[in-house]
Student: 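There's a structure below that I have some questions on.
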Amino acid sequence: MIDHISVGVADLERAARFYEATLAPLGLSRLVTRPATIGFGKSYPEFWINLRAGMASVPPESSTHICLRAKATGEVDAFHAAALTSGGRSDGAPGLRPHDRVKYYAAFVIDPDGNRIEAVTFPTM
């Protein structure tokens, strides 16, 4: 349904370092570099970061977040660990999240600009 997404960042190089490390466990790499935007993906840019000079940090109450699919729980774990070592903050450690309809394994992070990013997989149990 969704072809690609983008998030605003105040410092493009800082964000590029963060996302190169954080998205790598999910199989996404930097594919496009332009003066004010960088695209990450597997075969084409699916996730973009766009420079928004002077942008204030995204407020926690925005409730907006982006969820990216992982193939396995190990990828979710690696995504979370990479985010924390690259300047992000945890917004929910990796773990199973059982709900009425579906059980899923996810981790939530906040990038250096306040964007909330999740990695999720649906293990068979």
Side-chain angles (χ1 to χ4, degrees):
M1 181 172 116
I2 297 172
D3 182 73
H4 63 276
I5 55 173
S6 65
V7 296
V9 299
D11 180 327
L12 192 63
E13 287 310 311
R14 176 186 69 187
R17 288 189 302 275
F18 173 82
Y19 282 108
E20 283 174 336
T22 302
L23 298 178
L26 304 178
L28 284 81
S29 61
R30 185 194 291 215
L31 299 177
V32 175
T33 302
R34 297 183 185 141
T37 189
I38 296 173
F40 297 87
K42 295 177 182 173
S43 60
Y44 73 95
E46 305 167 61
F47 185 91
W48 292 87
I49 56 175
N50 299 311
L51 178 62
R52 300 293 182 250
M55 180 181 106
S57 183
V58 177
E61 64 274 7
S62 76
S63 298
T64 300
H65 88 275
I66 296 166
C67 183
L68 304 171
R69 182 70 62 95
K71 291 180 184 172
T73 59
E75 289 184 2
V76 173
D77 296 343
F79 158 88
H80 189 262
L84 298 186
T85 60
S86 299
R89 302 185 322 267
S90 179
D91 197 34
L96 187 63
R97 281 146 171 97
H99 290 278
D100 295 339
R101 189 177 58 85
V102 64
K103 290 177 177 56
Y104 64 97
Y105 189 92
F108 302 81
V109 300
I110 300 172
D111 79 0
D113 291 289
N115 295 300
R116 299 163 56 106
I117 312 295
E118 173 187 0
V120 67
T121 190
F122 298 89
T124 56
M125 295 184 185

Student: Which heavy-atom pair separates Val76 from Ala119 by the least distance, and what is that distance?
Tutor: CG1-O, 3.9 Å
Student: Okay, side chain of Thr121, backbone of Ala70: is any donor-acceptor separation there less than 3.5 Å?
Tutor: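 It does hold such a pair.
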Student: Rounded to the nearest 0.5 Å, what separates atom CG in Asp11 from atom CZ in Arg52?
Tutor: 14.5 Å
Student: Could you work out the complete set of other residues in the hydrophobic cluster of Ile110, with links drawn between I, L, V, M, F, W and Y side chains under 4.5 Å apart?
Tutor: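 Besides Ile110, the hydrophobic cluster comprises nothing; the residue is isolated.
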Student: Around Arg69, counting heavy atoms of other residues, nucleotides and ligands shown, do more than 12 lie under 6.0 Å from its CZ?
Tutor: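 It does not: Arg69 CZ has 12 such atoms or fewer within range.
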Student: If two hydrophobic side chains count as joined below 4.5 Å and joins carry through other members, does Phe108 share a cluster with Phe79?
Tutor: no
Student: What residues, two or more places apart in sequence or in another chain, satisfy ring pair (Phe, Tyr, Trp, His ring centres under 6.0 Å) together with Tyr104?
Tutor: His99
Student: Which heavy atom in Gly39 sits nearest to a heavy atom in Pro45, and how many Å separate them?
Tutor: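 It is CA-CB, 4.0 Å.
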Student: Which value, rounded to the nearest 0.5 Å, describes the distance between Cys67 atom SG and Ile117 atom CD1?
Tutor: 9.5 Å
Student: Within this structure, what is the CZ-CZ distance for the pair Arg89 and Arg116, rounded to the nearest 0.5 Å?
Tutor: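 Here the interatomic distance stands at 9.5 Å.
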Student: Any donor and acceptor pair, going by atom type alone, linking the side chain of Thr85 with main-chain N or O of Ala82 inside 3.5 Å?
Tutor: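 Yes, the answer is positive, given that a donor and an acceptor are paired below the 3.5 Å cut-off.
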Student: Any link between Phe40 and Leu12 through a network of hydrophobic side chains (Ile, Leu, Val, Met, Phe, Trp, Tyr) touching at under 4.5 Å?
Tutor: yes
Student: If hydrophobic clusters are built by linking Ile, Leu, Val, Met, Phe, Trp and Tyr wherever their side-chain heavy atoms come under 4.5 Å apart, do Val58 and Phe18 end up in the same one?
Tutor: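 No; Phe18 is not reachable from Val58 via cluster members.
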Student: Could you work out the complete set of other residues in the hydrophobic cluster of Trp48, with links drawn between I, L, V, M, F, W and Y side chains under 4.5 Å apart?
Tutor: Leu31, Val32
Student: Drop me the distance from Leu23's CG to Leu68's CG, to the nearest 0.5 angstrom.
Tutor: 6.5 Å
Student: Please round to the nearest 0.5 Å and tell me the distance separating atom CZ of Phe47 and atom OG1 of Thr22.
Tutor: 9.5 Å
Student: When you measure from the side chain of Ser62 to the backbone of Pro59, do you find a donor-acceptor pair of N or O atoms at a distance under 3.5 Å?
Tutor: yes
Student: Please check if Met55 and Ile5 belong to a single hydrophobic cluster, counting links between Ile, Leu, Val, Met, Phe, Trp and Tyr side chain heavy atoms closer than 4.5 Å.
Tutor: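 No: no chain of side-chain contacts under 4.5 Å links Met55 to Ile5.
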Student: To check you understand the geometry: which heavy-atom pair defines the closest contact between Leu51 and Ala10, and what is its length?
Tutor: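 Nearest heavy atoms, Leu51 then Ala10: CD1-O, 3.4 Å.
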Student: Are Val120 and Leu84 co-members of a hydrophobic cluster defined by side-chain heavy atoms under 4.5 Å apart?
Tutor: no
Student: Identify the heavy atoms of Pro112 and Gly87 that sit nearest to each other, and give their distance.
Tutor: CG-O, 3.7 Å
Student: Could you pull out the closest heavy-atom pair between Lys103 and Leu96, with the gap in Å?
Tutor: CB-CD1, 4.4 Å
Student: Are side-chain N/O atoms of Glu46 and His4 paired as donor and acceptor at under 3.5 Å?
Tutor: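 Side-chain D/A pair, Glu46 to His4: absent.
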Student: Please report the C-alpha distance between Phe122 and Tyr105 in whole Å, then the side-chain angles of each, then the deciding distance to 0.1 Å, and finally whether the ring pair (Phe, Tyr, Trp, His ring centres under 6.0 Å) criterion is met.
Tutor: CA-CA 6 Å; Phe122 298 89; Tyr105 189 92; over 10 Å; no
Student: Answer with yes or no whether the side chains of Tyr44 and Asp3 bring together a donor and an acceptor at under 3.5 Å.
Tutor: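 Checked: Asp3/Tyr44 side chains pair up, N/O donor to acceptor below 3.5 Å.
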Student: Do Arg14 and Asp113 sit within salt-bridge range, that is, some charged N less than 4.0 Å from a carboxylate O?
Tutor: yes
Student: Can you tell me if Thr37 uses its side chain to pair, donor with acceptor, with the backbone of Ile49 under 3.5 Å?
Tutor: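 Between the backbone of Ile49 and the side chain of Thr37 there is a qualifying donor-acceptor contact (under 3.5 Å).
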Student: Check whether Asn115 reaches the backbone of Gly8 with its side chain - one donor and one acceptor, N or O, closer than 3.5 Å.
Tutor: yes
Student: For the atom pair NE2 (His80) and OG (Ser90), what is the distance rounded to the nearest 0.5 Å?
Tutor: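 Going from the NE2 atom of His80 to the OG atom of Ser90 covers 3.0 Å.
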Student: If you look at every heavy atom in Arg97 and Ala93, which pair is closest and at what distance?
Tutor: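 Taking every non-hydrogen atom into account, NH2-O, 2.8 Å.
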